[in-house]
There are 2 protein chains.
Amino acid sequence: MRWDTLEEETCSLARTVAVIGDRWTLLILRECFLRVRRFEAFQSSLQITRHLLSERLKKLVRFGILRRVPYSDAPKRYEYILTQKGLDLYPIIMAMVHWGDAHMGDERGRPLLHEHKTCGKLFDPVMVCSECGEALHAKQVHVHAGPARREAGR
Amino acid sequence: MRWDTLEEETCSLARTVAVIGDRWTLLILRECFLRVRRFEAFQSSLQITRHLLSERLKKLVRFGILRRVPYSDAPKRYEYILTQKGLDLYPIIMAMVHWGDAHMGDERGRPLLHEHKTCGKLFDPVMVCSECGEALHAKQVHVHAGPARREAGR
DNA sequence: TTTGACAGTTCTATTTTAGAACTATAGCCT
DNA sequence: AGGCTATAGTTCTAAAATAGAACTGTCAAA
């Protein structure tokens with residue numbers, strides 16, 4: 001499997017991985033959710049090489065995850081803003097943060113705490129079933145072939 | 001930033017990314033959740049090179065995500081089974097599958113459907129606040145420095 | 001005794017990433 | 001006018017990671 005074929009796989013995980021499945025992209029998205037928007041700001045907070053940052057931002061724009069929006073006419077300058085498609089990545093990022101908090105922490109506790117403005121409390125993200133609202137666990141889920149899979153003949 | 005320093009960052013996302021933030025690792029984990037356990041099975045379903053598969057499995061074992069369990073004594077053979085730490089990655093994988101379903105699909109519909117055994121229905125995963133149970137959205141969350149961050153002096 | 005299954009390891013070629021330097025536009029200061 | 005700074009990139013070479021193929025070792029079954 002080569003990477004240019006990954007986004008055409010009949011697997012939603014593979015397609016997601018084709019877009020955000022590398023380390024720099026995930027870290028760039030973290031910065032986006034922390035309200036970072038400009039090239040220099042990404043570069044200095046991540047210490048990513050300018051070359052790769054440029055390349056990754058282009059890719060995220062190409063996939064519709066970021067929009068490149070002008071904020072100055074002369075000289076022409078742009079900032080990168082999450083689209084709705086990009087904002088929808090939030091559960092992925094939060095799930096990763098939560099797993100890191102739970103399993104990769106050290107004695108100093110958590111780096112960040114999250115407050116839910118709606119209820120005013122510090123919270124953890126929990127993944128639940130859309131139908132019954134119960135917390136989801138891998139062993140309670142059964143997988144069926146969907147229409148795309150059947151059409152692909154597997 | 002080099003990758004060997006990534007897991008020591010004061011950021012839970014970075015630490016998670018250090019472990020599972022590459023494309024093959026995520027695809028290997030998908031197979032694990034689909035009950036694949038053996039070297040040859042991973043290799044043939046993913047078409048990953050044997051070299052990389054070997055290297056990634058070792059890394060996942062080293063981080064306590066998979067356990068290498070003997071299933072035959074002569075010849076010695078092992079299979080790779082998710083630990084609890086590994087099972088806890090489920091929300092990340094499901095969030096990625098769900099985003100792919102929503103944003104990277106084609107006209108053929110979904111590759112896989114998920115049934116929640118507990119309630120018997122086909123479901124989507126939803127991320128909610130642990131405190132109030134409401135669905136989470138990026139714009140409703142405020143971030144505070146936690147103890148580890150303050151100790152790191154930022 | 002030969003073949004095949006399984007779980008890797010080893011080798012070279014190609015691709016990707018790191019790190020540093022360079023380019024371009026324009027405002028501001030003297 | 002001339003030089004300095006800020007911003008947003010591009011270009012170059014060296015180092016690291018990945019792809020692809022071949023090879024190793026153990027044992028069972030034919």
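Every chain is numbered from 1, with letters handed out A, B, ... down the list of sequences.
Side-chain contact between B:V19 and B:I65: present, with at least one pair of heavy atoms (C-beta onward) separated by less than 4.5 Å.
For A:R50 and A:K76, each mapped to the nucleotide of DNA chain C holding its nearest heavy atom, the one lying further toward the 5' end belongs to A:R50. Where A:R77 and A:D22 each meet DNA chain C at their nearest nucleotide, the meeting point lying more 5' is that of A:D22.
Straight-line distance from the CG atom of A:D73 to the C1' atom of C:dA26: 13 Å, rounded to whole Å. For the pair A:R68 CZ and D:dT7 C1', the interatomic distance rounds to 12 Å; values are reported in whole Å. For the pair A:Q43 CD and C:dA20 P, the interatomic distance rounds to 11 Å; values are reported in whole Å. The CZ-P distance, from A:R23 to C:dT16, rounds to 16 Å in whole Å. A straight line from CD of A:E40 to P of D:dA8 spans 6 Å, rounded to a whole angstrom. B:I48 places its CD1 atom 13 Å from the C1' atom of C:dG8, with the value rounded to the nearest Å. Put simply, NE2 on A:H51 is 12 Å from C1' on D:dT13, counting in whole angstrom units. Taking atom CD of residue A:E55 and atom C1' of nucleotide C:dT15, one finds them 12 Å apart after rounding to whole Å.
Inspection of the A:H144 and B:E115 side chains reveals an N or O donor paired with an N or O acceptor under 3.5 Å.
Side-chain N/O atoms of B:Y80 include one lying less than 4.0 angstrom from OP1 or OP2 on C:dG8. Dashed line: the shortest gap from a side-chain N or O of A:T49 to OP1 or OP2 of C:dG19 is not under 4.0 Å. The phosphate of D:dA17 has neither OP1 nor OP2 within less than 4.0 Å of any side-chain N or O from B:W24. In this structure, A:Y78 does not reach the C:dT25 phosphate: none of its side-chain N or O atoms is under 4.0 Å from OP1 or OP2.
Nucleic acid contact for A:F42: none, since no nucleic acid atom lies under 4.0 Å from a heavy atom of the residue.
Residues A:I20 and A:L26 approach most closely at O-CG, 3.3 Å, considering heavy atoms.
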### Query
Could you go step by step and tell me if A:T49 and A:H51 meet the side chain to side chain donor-acceptor pair (under 3.5 Å) rule?
CA-CA 5 Å; A:T49 66; A:H51 178 87; over 6 Å; no
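Among the nucleotides C:dA7, D:dT10, C:dT17, the one closest to any side-chain atom of A:R56 is C:dT17. Side chain of B:A74, nearest nucleotide from D:dC27, D:dA8, C:dG27: D:dC27. Distances from the side chain of A:R38 to the nucleotides C:dT17, D:dA8, C:dA26 place D:dA8 closest. The listed nucleotides are C:dT25, C:dG8, C:dT9; the one nearest the side chain of B:K58 is C:dT9. Distance from the side chain of B:L52 is smallest for D:dT18 among the nucleotides C:dT17, D:dT18, D:dT10.
Annotation: A:Y78 is not in aromatic contact with A:Y71 [ring centroid separation under 6.0 Å not met].
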